[in-house]
Amino acid sequence: MQTKISSFFKPSSAPKSPPIFYDDDDGDNEPTPFSDKEEPPIFGGEDEMVSFWEKEPEVVITYKRRAPNPDREKNETDGGLIAETMKKPIVVDSPLPNRTLNKKRNYAQFHLELGQSDFLLHSCSTCGLKYAPGDEGDEQVHKAFHKNFTHGIQFKGWRNERIIRMPSTGGGRIVLVLDGDPPAHKNKVHEVVKIMEVEFGGGWIFHKNCKAYLFISSQRVAGCLVAEPIQKAYKILSSSADERSDDTSSKEAGPNSNKLQFGTVSFQREVIQKAPSVNSREALDGTPNGPVVCEKEAVPAICGIRAIWVTPSNRRKHIASQLLDAVRKSFCMGFVLKSSQLAFSQPTSAGMALASNYFGSVSFLVYRTDKSIC
């Protein structure tokens, strides 16, 4: 038995060949060869099993010892290996894009609502435009409109300009625009009219029968006059203008207007005068608005001054007077109109002061404008 065991573990030097098995089931003890592709039968005895394993090839397995790691031996005590593993970064594959955690944030300036009357919209005291402070778009619109209102709309010039030659315009020129002119000319007039509507109101200034006079200075429209043909006008009573001046002087000349008297004790009030704004009508002529009283009988007139306006930065430069002179010279072909043939629409306080200075009298002609043709 020992011999068989020793021979089992002894390496075989015999040539490799398919094993031959004996089939004892048929009882003829004849060797029945089987190829290595066929399934071998069940072993009949120990001799057959030994002869089969002696002919199997030897399998050699080689192991290579790793070099010793002193750090690993130290960390393998009391959870040291776990502590070393926790020090290493854990990389997790994520489908989300890489995000920078240390990116600086942009902080927007907000506003506090503390009961302000103009919290949402602020009205500019100069140009009158309402805008939202802090909104970039609104502030850009206000900046552009404010510049056009105070200095005039930009005007680069046209090829065919109808220039009214005047003796002295101070380096500027006066351009006349009619209804039959190119669309670019009329569009420029409409832009100026929109600026004028801030002070005069909208929907009545310009219509197709009007003539527009533009005063151009430094490539900007510094002033505009809108004239129309009329047939009759009414003369202002001089007493109505005198009553305005009398009311103003009586208010200012009151001796006890700023003093309060209680028996023998008197209190003196300090009067603080508020500076008027650039486009304030009181700053232009010093007279408040009021009704205009006219005569009942109409008189003939030819030209009606529907509206006249000068930018705030160009006022007190006699631009309005030059526009009136241009109207008298060019409104009717062949002759110059007299001052008595001009009439103003219902004037403001600034218009009253202009007409009084231009005509040299507080009694001049006014007419009613027809808003239905606009």
Results of salt bridge (charged side-chain N to carboxylate O under 4.0 Å, His left out) for [X] - residues two or more places apart only:
X    : value
D325 : none
R368 : none
E161 : R173

- Task: Say whether, by atom type as modelled, one donor and one acceptor occur between the side chain of D138 and the main chain of A132 under 3.5 angstrom.
- Result: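 Checked: pair present.
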
- Message: Quick check against the 3.5 Å criterion: does Q322 have a side-chain atom that pairs as donor or acceptor with the backbone of I319?
- Response: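 Not a single qualifying donor-acceptor pair exists.
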
- Query: Strictly by modelled atom types, are Y131 and S123 linked by a side-chain donor-acceptor pair under 3.5 Å?
  - Reply: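 Per modelled atom types, Y131 and S123 side chains form no pair under 3.5 Å.
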
Let me have the donor-acceptor pairs involving side chains of residues 214-227, under 3.5 Å, with sequence neighbours excluded, atom names and distances please.
from : atom 1 : to   : atom 2 : distance (Å)
R220 : NH1    : G152 : O      : 2.5

According to a hydrophobic-cluster definition based on side-chain heavy atoms being under 4.5 Å apart (Ile, Leu, Val, Met, Phe, Trp, Tyr only), do [X] and [Y] belong together?
X    : Y    : result
I308 : F359 : yes
Y213 : L337 : yes
F331 : L178 : yes

Smallest separation among heavy atoms of [X] and [Y], with atom names:
X    : Y    : value
C210 : I205 : SG-O, 4.3 Å
P347 : M352 : CG-SD, 3.5 Å
S321 : Y358 : O-CE1, 3.9 Å
L342 : V327 : CD2-CG1, 4.4 Å
P312 : F149 : CD-O, 3.1 Å
H142 : L129 : CA-CD2, 3.6 Å

- Item | ring-ring contact (aromatic ring centres under 6.0 Å, His included) contacts in which one or both residues fall within residues 168-188, not counting sequence neighbours |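 As it turns out, the ring-ring contact (aromatic ring centres under 6.0 Å, His included) pairs with a partner in residues 168-188, which skip direct neighbours, are W158-H185.
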
- What residues join M333 in its hydrophobic cluster, counting side-chain heavy atom gaps under 4.5 Å, either direct or through other members?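 For M333, no cluster forms, as it stays isolated from other hydrophobic side chains.
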
- Could you tell me the separation between the CD atom of E295 and the CG atom of L365, rounded to the nearest 0.5 Å?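 E295 atom CD to L365 atom CG measures 9.0 Å (nearest 0.5 Å).
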
- Output the distance between atom SG (C127) and atom CD (E199), rounded to the nearest 0.5 Å.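 One gets 10.5 Å once the value is rounded to the nearest 0.5 Å.
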
Are side-chain heavy atoms of [X] and [Y] found at a separation under 4.5 Å?
X    : Y    : value
V175 : I164 : no
V336 : R328 : yes
I302 : C332 : yes

- With sequence neighbours excluded, give me every salt bridge (Lys or Arg N to Asp or Glu O under 4.0 Å) pair touching residues 350-366.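 Sorted pair list comes back empty.
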
Listing, residues 186-197 side-chain donor-acceptor contacts under 3.5 Å, not counting sequence neighbours, or none:
from : atom 1 : to   : atom 2 : distance (Å)
K186 : NZ     : D179 : O      : 3.3
N187 : ND2    : P183 : O      : 3.1
K188 : NZ     : Q154 : O      : 2.9

- Item | Worked verdict on K317 versus V310 for side-chain contact (heavy atoms from CB on, under 4.5 Å) | CA-CA 10 Å; K317 296 181 181 180; V310 180; over 6 Å; no

- Task: Please identify each residue that fulfils side-chain contact (heavy atoms from CB on, under 4.5 Å) with N357, with sequence neighbours left out.
- Result: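 Testing N357 for side-chain contact (heavy atoms from CB on, under 4.5 Å), a comparison that skips the adjacent residues, returns none.
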
- Message: If the condition is side-chain contact (heavy atoms from CB on, under 4.5 Å), which residues does R165 pass it with, not counting sequence neighbours?
- Response: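 Scan of R165 (side-chain contact (heavy atoms from CB on, under 4.5 Å), adjacent residues dropped) gives I163, K329.
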
What pairs of donor and acceptor atoms, side-chain ones from residues 228-236 against any protein atom, are under 3.5 angstrom apart with sequence neighbours left out?
from : atom 1 : to   : atom 2 : distance (Å)
E228 : OE1    : H207 : NE2    : 2.8
E228 : OE1    : R306 : NH1    : 3.1
E228 : OE2    : R306 : NH1    : 2.8
E228 : OE2    : Y367 : OH     : 2.8

- Might you work through the side-chain contact (heavy atoms from CB on, under 4.5 Å) test for C294 and V366, ending with a clear yes or no? CA-CA 8 Å; C294 304; V366 295; 3.3 Å; yes

- Message: For L176 and K211: C-alpha separation, side-chain torsions, deciding distance, then whether side-chain contact (heavy atoms from CB on, under 4.5 Å) applies.
- Response: CA-CA 7 Å; L176 174 61; K211 296 182 179 181; 4.0 Å; yes

- Message: I'd like to know whether H146 forms a side-chain contact (heavy atoms from CB on, under 4.5 Å) with T126, so could you lay out the CA-CA distance, the side-chain angles of the two residues, the decisive distance to 0.1 Å, and finally the verdict.
- Response: CA-CA 8 Å; H146 187 91; T126 303; 3.4 Å; yes

- Message: Could you work out, with side-chain hydrogen bond (donor to acceptor under 3.5 Å, both in side chains) as the rule, every residue matching S345, not counting sequence neighbours?
- Response: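 Here no residue qualifies.
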
